Amino acid sequence: MSWQAIDNEVKSWLKQARKLILTKMDSDLQVSTKSGPNDLVTNLDKQVEQFYISQIKQKFKHSRILGEESCKEEGLLSFDGLFWVIDPIDGTMNFVKEKENFASMIAIYKQGKPYIAYIYDVMKDRLVWGGPALGAVYCNQTQLPAPKQHALKDGLVAISCPMVLANYRNVVEVIKASSGCRMVGSAGIEFINLILGKHCAYLSYLRPWDFLPGKILGETLGLSVKTIDDEKVDVVSSSVVLVATKSAHTEIIELVNR
Ligand code: 2AM
Ligand code: CA
Ligand code: CA
Ligand code: CA
């Protein structure tokens, strides 16, 4: 099966999910909490994830699926078929409070290797997609150049979640050494900001469905995606992830671990 066949299907699912979200977000939104008051899930997170899963199961039989809101399969990367990672709505808090700055994301591995990924900024109707399958990344129909290798002093950094700020106190030095700090609240949108060359780094505690789509896209364009300790990111566990231009990466690792 060609990547184009997969791509046609996935893009049609993403557009259908967008329609569902736009139709229901103002009139039929049920919000509940998961691990605490700041960890939300809505009926639309669940509905969109179930929609993707049913489509994958119908169209791509030799598949395994890891979805944030439902199924958690193990032994994934040893699998020789397609491995799908789904984050139906990334930035659920933004979705509920702001009604913007959230993304729908899918990462696909083939025979254990990164293949193709999608980050869809739903409200901007902006789809960033691509990966090793095609050796390129696009924003809608436009092929993207590799992001400019901004050094830390010339770039904005995004730093998310209290856990990072509390445990890595030198992060303040990173902010001081940069052009400034931004916090969007959706890992997917943060990855888009790096991929489009708007920011030079993003630091956050993330789970596989938060970082895998952006990792596939970012690495295709030469961004560095490592743990805060400068280790390889384990693709099936959670870590404090640093996404950065190569030059900002070196400076940040030095500052944080000083
Ligand atoms: P989510 O909205 O899909 O849960 C918010 O800073 C970003 O971190 C979002 O991309 C959010 O994804 C992710 N995140 C990861 N773990 C989280 C948690 N326990 N609570 C809230 N957001 C979390
Ligand atoms: Ca969540
Ligand atoms: Ca997420
Ligand atoms: Ca989510």
Side-chain angles (χ1 to χ4, degrees), residues 14 17-18 20-21 25 29-53 65-72 84-108 117-124 126-128 156-168 171 175 181-196 198-199 201-218 225 227-228 233-243:
L14 290 165
R18 177 174 191 266
L20 178 75
I21 291 169
M25 65 193 280
L29 196 61
Q30 293 137 37
V31 183
S32 37
T33 56
K34 288 166 85 179
S35 62
N38 296 333
D39 187 6
L40 304 182
V41 62
T42 75
N43 54 323
L44 286 174
D45 293 69
K46 292 177 189 163
Q47 234 175 299
V48 168
E49 180 158 313
Q50 281 312 313
F51 169 67
Y52 293 153
I53 291 172
I65 306 165
L66 172 69
E68 179 185 1
E69 309 301 348
S70 56
C71 46
K72 313 219 156 128
W84 303 73
V85 184
I86 299 170
D87 190 339
I89 296 181
D90 176 65
T92 300
M93 184 60 82
N94 289 353
F95 175 54
V96 171
K97 300 270 186 201
E98 300 182 337
K99 303 266 199 290
E100 62 178 348
N101 292 320
F102 60 91
S104 195
M105 314 202 288
I106 298 179
I108 306 167
Y118 301 82
I119 302 179
Y120 192 20
D121 181 333
V122 172
M123 299 314 284
K124 291 203 170 98
R126 183 167 68 176
L127 177 63
V128 176
L156 292 169
V157 298
I159 296 173
S160 185
C161 96
M163 184 272 215
V164 171
L165 295 167
N167 291 318
Y168 297 89
V171 160
I175 297 172
C181 183
R182 299 290 181 271
M183 215 179 275
V184 175
S186 150
I189 305 292
E190 303 283 18
F191 269 100
I192 290 182
N193 284 336
L194 265 119
I195 287 165
L196 297 180
K198 293 169 191 264
H199 293 176
Y202 171 47
L203 189 56
S204 183
Y205 175 79
L206 298 173
R207 306 199 161 114
W209 43 82
D210 298 313
F211 67 75
L212 288 178
K215 180 173 189 292
I216 292 177
L217 295 164
V225 184
T227 71
I228 186 73
V233 176
D234 175 358
V235 298
V236 289
S237 33
S238 308
S239 336
V240 177
V241 177
L242 170 63
V243 190

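The model shown is predicted, which means the values in this text are computed figures rather than measured ones. Whatever order the structure lists ligands and atoms in, that order sets their numbers, starting from 1.
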Undergrad: Provide the atom name of the closest N, O or S atom of D210 relative to the Ca ion (ligand 3).
TA: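 Result for D210 and the Ca ion (ligand 3): OD1.
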
Undergrad: Report the residues that fulfil ring-ring contact (aromatic ring centres under 6.0 Å, His included) with F102, sequence neighbours left out, ordered by chain and then residue number.
TA: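 Expected list: F95.
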
Undergrad: Near the Ca ion (ligand 2), which protein N/O/S atoms are found at less than 3.0 Å?
TA: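 Metal shell, protein only: E68 OE2.
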
Undergrad: Measure the shortest side-chain to side-chain distance between S70 and Q50 over non-hydrogen atoms and say whether it is less than 4.5 angstrom.
TA: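 A side-chain contact under 4.5 Å exists here.
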
Undergrad: Enter the distance from I159:CD1 to M183:CE here, rounded to the nearest 0.5 Å.
TA: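 The CE atom of M183 is 7.0 Å from CD1 of I159, to the nearest 0.5 Å.
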
Undergrad: Check whether T42 reaches the backbone of Q30 with its side chain - one donor and one acceptor, N or O, closer than 3.5 Å.
TA: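 Absent.
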
Undergrad: Side chain of D39, backbone of S35: donor and acceptor closer than 3.5 Å?
TA: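 Yes: the side chain of D39 pairs with the backbone of S35.
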
Undergrad: Can you find a heavy atom in the side chain of V241 that is under 4.5 Å from one in the side chain of T227?
TA: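 Contact flag for V241/T227 side chains = no.
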
Undergrad: Could you walk me through whether D210 and R207 pass side chain to side chain contact (heavy atoms under 4.5 Å, CB included), step by step?
TA: CA-CA 5 Å; D210 298 313; R207 306 199 161 114; 3.4 Å; yes

Undergrad: Between atom CG of L127 and atom CG of L14, what is the distance when rounded to the nearest 0.5 Å?
TA: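 Interatomic distance, L127 CG to L14 CG, rounded to 0.5 Å: 6.0 Å.
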
Undergrad: What pairs of residues pass the side-chain hydrogen bond (donor to acceptor under 3.5 Å, both in side chains) test when at least one of them lies in residues 181-192, not counting sequence neighbours?
TA: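 side-chain hydrogen bond (donor to acceptor under 3.5 Å, both in side chains) check on residues 181-192 returns D90-S186.
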
Undergrad: Give me the one residue out of I119, V128, N94, D121 that meets side-chain contact (heavy atoms from CB on, under 4.5 Å) with I189.
TA: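 Answer to the side-chain contact (heavy atoms from CB on, under 4.5 Å) test with I189 among I119, V128, N94, D121: D121.
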
Undergrad: Considering only heavy atoms, which protein residues lie less than 4.0 Å from any atom of ligand 1?
TA: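 If the criterion is a heavy atom under 4.0 Å, then ligand 1 touches N38, D39, E68, D87, I89, D90, G91, T92, S160, G185, S186, A187, R207, D210.
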
